[in-house]
Structures are given as C-alpha cells and as structure tokens.
Amino acid sequence: MSGIEKKDLLMKLGLEDVNSGVFYGKWSPIGGKETITSYSPIDGKPIGKVTMATREDYENVMNAAQNSFERWSSVPAPKRGQVVRKIGDELRKYKEMLGKLVSIEVGKTVVEGCGEVQEMIDISDFAVGLSRQLYGLTIASEREAHRLYEQWLPLGPIGVITAFNFPCAVWAWNSMIAATVGDVVIWKPSSKAVLTARAVIEIVNKIVMDLGYPPIFFLLVGRGDEVGEWISSDRRLPLISFTGSVPTGRRISENVAKRLGRTILELGGNNAAIVTDKADMNIALKGVTFGALATTGQRCTTTRRLILQENVYDIFVNRLKGIYAKAKIGNPLEEGVLIGPLIDKRAYEGYEIAIEQATKQGGRVVYGGERVSIPGLEEGYYVKPTLIEADLGMDILNVETFAPILYVLKYRTIEEAIEIHNSVPQGLSSAIFTKDLREMEYFLSHKGSDCGIANVNTSTAGAEIGGAFGGEKETGGGRESGSDAWKSYMRRQTDTINYGNKLPLAQGVEFKV
Ligand code: NAD
C-alpha cells in the first residue's frame, strides 16, 4: 500500500494526523493534551496521534455515560436490537477499510483484519436475535397463591478494557451484547491500537445518534496505569470486562474486588494441541499450523504446545518443518503473506528471551529462532516461526510468550497426554486431533482438557462468536460473546408475588403477631 493510499484510507475513516481520543457524545477538544502515537508494526513508522484523557475528560465521560444509561436502559430491548442491527449493516460497509486499518495498526494480515471486522458483524447479528430472547425463569413456589420468577435487568455503564491483538472484535463482543441488554459502554482500548478504536467509535455512534438515541459507546484513550486504574477503581462501573495479560488482569481484579464490583476476565492462554497416532495427519498439520502461526503467534488462543504421540512424532515434526519453511513472512498487506510482524520491539525481546531460556533449560530449536529482515521494512520486527523440542518440567512451558514459538513434546498414552496438557497454569483453549472415539470423548470428559474451549479435529484458534468464549485457571474464568454470556452484563432479580389473601411464610415458618 502506497503512502497516498494509506492517507486516503485514514481520511475515509475520519482519521487525521492528531485525533481526539475521548468521546462523550462529542469528541473532546485536542488542544494542549498529551498524545499517544500509533506506530505501524509493518514498518515501524508513525500512523497518527490520539490524545489521552485528562481527569476532567474522564468525569465528562462518566457523567455522559450515566445520563445515557438512564435513557437507553428504558428503550425496549427489541428496539435496542434494531439499533444494533443498523450498526451491523454499517460495519458491513466498512469491512474492507477497517480490516485494512487493523492490518496497518497491529500487523495482522488483511484477511485476518477483515475477519476481525466480520466478527463484529456476526456478534451484531447475534445480538439482534438476543434482543428478543432475554428470558428469565418462572419457578414453582412452595407457597399457595404465590408466583416466583426471575428477571434480568440492565446493569449500568460498564467498563471495557481491551488488548492490542484484537483491537475491535473483542470490543464488539462486549459492546453489542451490552448495548442490547441496555447497558452503555466505556472503552479503554490498548495504547497500541488507538486509531482503530477511534475509527470504530466514530462509525457506531453516528448510527446511534442519527437514530435519535443518546451516545452509548464512549471512548477513553490513555495509559493503562492511569486511565485503566481510574476505570477499575470506579464504583460507578458495576462491571469491568478486561481482556489482556495475566499480570494486568490480576491487578484489575484486585482493584475491582476491593470495591466488590464484578469482572469478566479474559486473560492469557497457553494452549496445546494433542496429535494422536489415530489422527488424520493432513487435518492435524493444517490445524496446528494455523493455530501456531496465525496473527504471528499473537492470539490468546495460539497453539503454543504440541503434544505428539511417539509413533507419529518424527514424521509430524518433519512435515511441520517443511510447512514452516514455506510460510511466507513479510508485509501483511501483501497477498500470500502468512506471517506479519510482531507488534513491537518488546515483543521481539520476549521472543528472544523465551528461545534463550528454552535452550538453557534443555530445549532444542529445530526450526527458526531468528529475526528476518524484510527489504524496505527493516524497522519492523519480523521473525521466523520457531519449533522447539522440549521436555516435561521445563519452566518456560508455563509461560505465554506472545510470539510464534511452538514447543513440541512427546507422549505414549492418552492419559499421559492429558497430564502434560493440563500441567500449565493457564486454561483457555485446547485441541485434540484424532479419529478415535474413545480418545476424543476422554479429552472432552471431566478427566480430559481443563480449558474453557476444547476442540476436536480443529485448531485451538479461531473461535466462532456463537459459543461462550473464555477460559479457566489463570485465564480468569470469564465468558463473553455468544451462548448465555449476556447474563454477565445484566443483574438478575428474583421476584416473589403474593396474590392471595394470606401471608404464608417460606419454610412454613409461623410468625405470630
Ligand atoms: P496487556 O495486559 O499489556 O494490556 C491489556 C490492556 O490493559 C491494555 O488496554 C492496557 O493499556 C491495559 N492496562 C495496562 N495496565 C493497566 C492497569 N494497571 N489497569 C487497567 N488497565 C491496564 O495485554 P496486551 O499485551 O495488550 O495483550 C496481550 C495479552 O492479552 C495476552 O496475554 C493475551 O493472551 C491476552 N488476550 C486474551 C484474550 C482472551 O480472550 N482470553 C484475548 C486477547 C488477548
């Protein structure tokens, strides 16, 4: 993409050299404020600047959000769903443009960037249906002439803090559901993806406000240790949905717990694929390659550990090496490229350190392990995808390194494979490749994978929006996106109505007055 094409794209998405990063029904003035510069990982060059929220901006956003919540939560849910339907329609028009912006700002391939926008569209569609399905249960009462039921009510303005690697899809998973159930959303995006956030907020609020509704999607760009802290400590936000690393999630969790608020935590993964000697090898190879290499190993669901049955170990590793050698590394805007850059220098240092530690701990690098220089893009951090033969007990196996490093382990029995699989602190996604019914069902049983997501004959990465997404253990236990994840964005009320002419008490208690 030429410089002129890039400028044109940014202009069409309403982006200038310096942009306001605070939205509360209007964009906050930019004059005199500190800015965050967004750099493209493709060539390391700046793309644009976005202002950071001041404390005054923060209060403006909170006040506007509270006012909007009053109005928006009173709109009937199916009508809210119609607004979300129009948002989905608008996003369809912007799919290509936003997808390219995602690619430029975080370095994933254009196909993956567009896929991310498609996820926003899909969750909007899901939310439209949901707007007519916010059911509560009716429960048989033990008392005569009583009705006992539960209903779900909007929760309030909620805070959404997102990671760099899914700069708009994760926001949409939260926000389309939250908006449909009657909440309004205050978003603190990653400081590495501020332009995507700014463009998305502009597109979606225009739809909402043109339809005569108050703004429901607010934006607060700023540093995690400042704006992020304000958000997590603020009692006016009953729910904080956080997506990011385990250490940051732990910090946020403590802040929110101190005020007895609620969290949805979507933290790091350390996902493994088990390939048994009964697998369809072609499917397994494709599934593992996609899981390990997509988004240059920078997905929470990236396959980081490969657990191979000893009879297929050598052949699988050899074939994988062949695929790795052919995977094109380079500018993610170019067709045919599979592996783009790492997000920044720190990510590259993390890659280097992990390889060094793995080697010290006895690991053998059998492919990759080095930086790649792409002509004309020397400032970008491109690396070879890396395969490391590892042994059980190596400490590095417990660490999520956000880079395309795959540790390969050998097992003999399926029980051993599961033990290796479950031996890490994280519990997000998992996969088994097998055609054997017993192995498959064992993997899916309570004795099998301990993760929130367990797949058979498909990759650890690439979830659909229809299921509830999230993981166990240090991944945080949150669930978002589809299924009944909407319940986390509402408050449940249990209601008892006495329509009789007596006052019987529960448990048959007599209270004689
Ligand atoms: P990160 O933890 O560095 O940052 C995430 C967000 O937290 C950013 O917006 C950041 O500005 C903010 N933040 C930083 N300090 C904060 C503080 N003290 N208070 C509040 N907010 C603060 O993560 P990252 O590098 O952007 O993303 C990569 C991580 O995210 C990986 O661990 C990955 O597995 C995880 N992730 C998880 C999921 C999931 O659904 N489980 C999805 C995507 C990414």
Side-chain angles (χ1 to χ4, degrees), residues 21 36 38 41 50 52-53 58 105-108 116 119 159-174 186-194 196-197 219-234 237 240-256 258 261 263-271 294-304 342-347 349-350 399-403 424-429 451-453 460-463 465 467-481 485:
I36 291 177
S38 177
V50 177
M52 288 198 266
Y58 182 79
E105 195 168 34
V106 302
K108 53 177 81 173
E116 179 154 358
E119 270 193 74
V160 173
I161 302 176
T162 53
F164 81 85
N165 64 329
F166 278 92
C168 51
V170 168
W171 171 82
W173 287 1
N174 283 280
I186 296 173
W187 182 17
K188 196 214 90 58
S190 162
S191 304
K192 297 170 192 170
V194 285
T196 302
L219 184 68
L220 278 170
V221 165
R223 274 191 294 270
D225 58 5
E226 192 172 57
V227 175
E229 291 283 322
W230 295 342
I231 290 176
S232 61
S233 312
D234 198 324
L237 299 171
I240 303 298
S241 175
F242 172 76
T243 303
S245 60
V246 171
T248 316
R250 194 169 272 131
R251 164 93 198 137
I252 286 172
S253 174
E254 282 166 9
N255 277 352
V256 181
K258 256 188 236 156
T263 46
I264 298 175
L265 297 175
E266 301 283 349
L267 314 181
N270 188 354
N271 321 292
T295 322
T296 316
Q298 299 169 109
R299 287 189 184 208
C300 51
T301 52
T302 292
T303 309
R304 306 201 178 281
L342 291 172
I343 186 73
D344 55 18
K345 184 168 185 242
R346 248 182 96 188
E349 286 165 358
V399 179
E400 179 202 43
T401 301
F402 231 47
V424 297
Q426 308 83 347
L428 180 53
S429 188
C451 291
I453 297 167
T460 59
I465 59 94
F469 184 90
E472 304 299 334
K473 304 196 287 184
E474 285 193 359
T475 302
R479 291 295 184 278
E480 56 191 28
S481 194

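Start at 1 and go down the list; that is how both ligands and their atoms are numbered. Atom set for the values below is all heavy atoms of this structure, side chains included, hydrogens, waters and symmetry mates excluded. Numbers for residues simply follow the sequence, beginning at 1.
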Indicate yes or no: does an N/O atom of [X] lie under 3.5 Å from an N/O atom of ligand 1?
X	result
F164	yes
E229	yes
L428	no
W173	no
K188	yes
K192	no
E400	yes

Side chains of E116 and P167: does their closest heavy-atom pair fall under 4.5 Å? yes
Is there a side-chain contact between S232 and V256 (heavy atoms, below 4.5 Å)? yes
When you check the side-chain N and O atoms of T460 and N271, is any donor under 3.5 Å from an acceptor? no
In the protein, what heavy atom is nearest to [atom], and what distance, to one decimal place, separates them?
atom	result
atom 7 (O) of ligand 1	F242 CE1, 3.2 Å
atom 23 (O) of ligand 1	S245 N, 3.5 Å
atom 28 (C) of ligand 1	F402 CE2, 3.7 Å
atom 40 (O) of ligand 1	F469 CE2, 3.1 Å
atom 19 (N) of ligand 1	G224 O, 3.3 Å
atom 27 (O) of ligand 1	A163 CB, 3.2 Å
atom 5 (C) of ligand 1	T243 O, 3.7 Å
atom 43 (C) of ligand 1	N165 OD1, 3.2 Å

Between [X] and [Y], which heavy-atom pair has the shortest distance, and what is it?
X	Y	answer
G470	R479	C-NH1, 3.3 Å
T475	G269	OG1-CA, 4.3 Å
W171	T162	N-CG2, 4.1 Å

Numbering as shown, the atoms of ligand 1 that approach [X] to under 4.0 Å (heavy-atom distance):
X	answer
L267	37 (C), 39 (C), 41 (N)
G228	19 (N), 20 (C), 21 (N)
T162	5 (C), 6 (C), 8 (C), 9 (O)

One residue to check: [X]. Relative to ligand 1, which of side chain, backbone, both or neither has a non-hydrogen atom less than 4.0 Å away?
X	value
T248	side chain
S232	neither
I252	side chain

Atom 36 (N) of ligand 1: of G222, C300, G476, the nearest heavy atom sits on C300
Quick one: does NZ or CZ of K108 land under 6.0 Å from the six-membered ring centre of F166, within 45 degrees of the ring axis? yes
Just how far is it from atom OG1 of T248 to atom CG of D225, taken to the nearest 0.5 Å? 10.0 Å
Ion pair E254/K258, N-O distance below 4.0 Å: no
Considering only NZ, NE, NH1 and NH2 on the basic side and carboxylate oxygens on the acidic side, decide whether E229 and R223 come within less than 4.0 Å. no
Between the side chain of [X] and the main-chain N/O of [Y], is any donor-acceptor distance below 3.5 Å?
X	Y	result
K188	G222	yes
Q298	I343	yes
T401	A403	no

Have a look at F242 and tell me which of I231, L267, I264 forms a side chain to side chain contact (heavy atoms under 4.5 Å, CB included) with it. L267
Distance flag for atom 2 (O) of ligand 1, protein heavy atom under 4.0 Å: yes
Any atom of ligand 1 sitting under 4.0 Å from a heavy atom of P189? yes
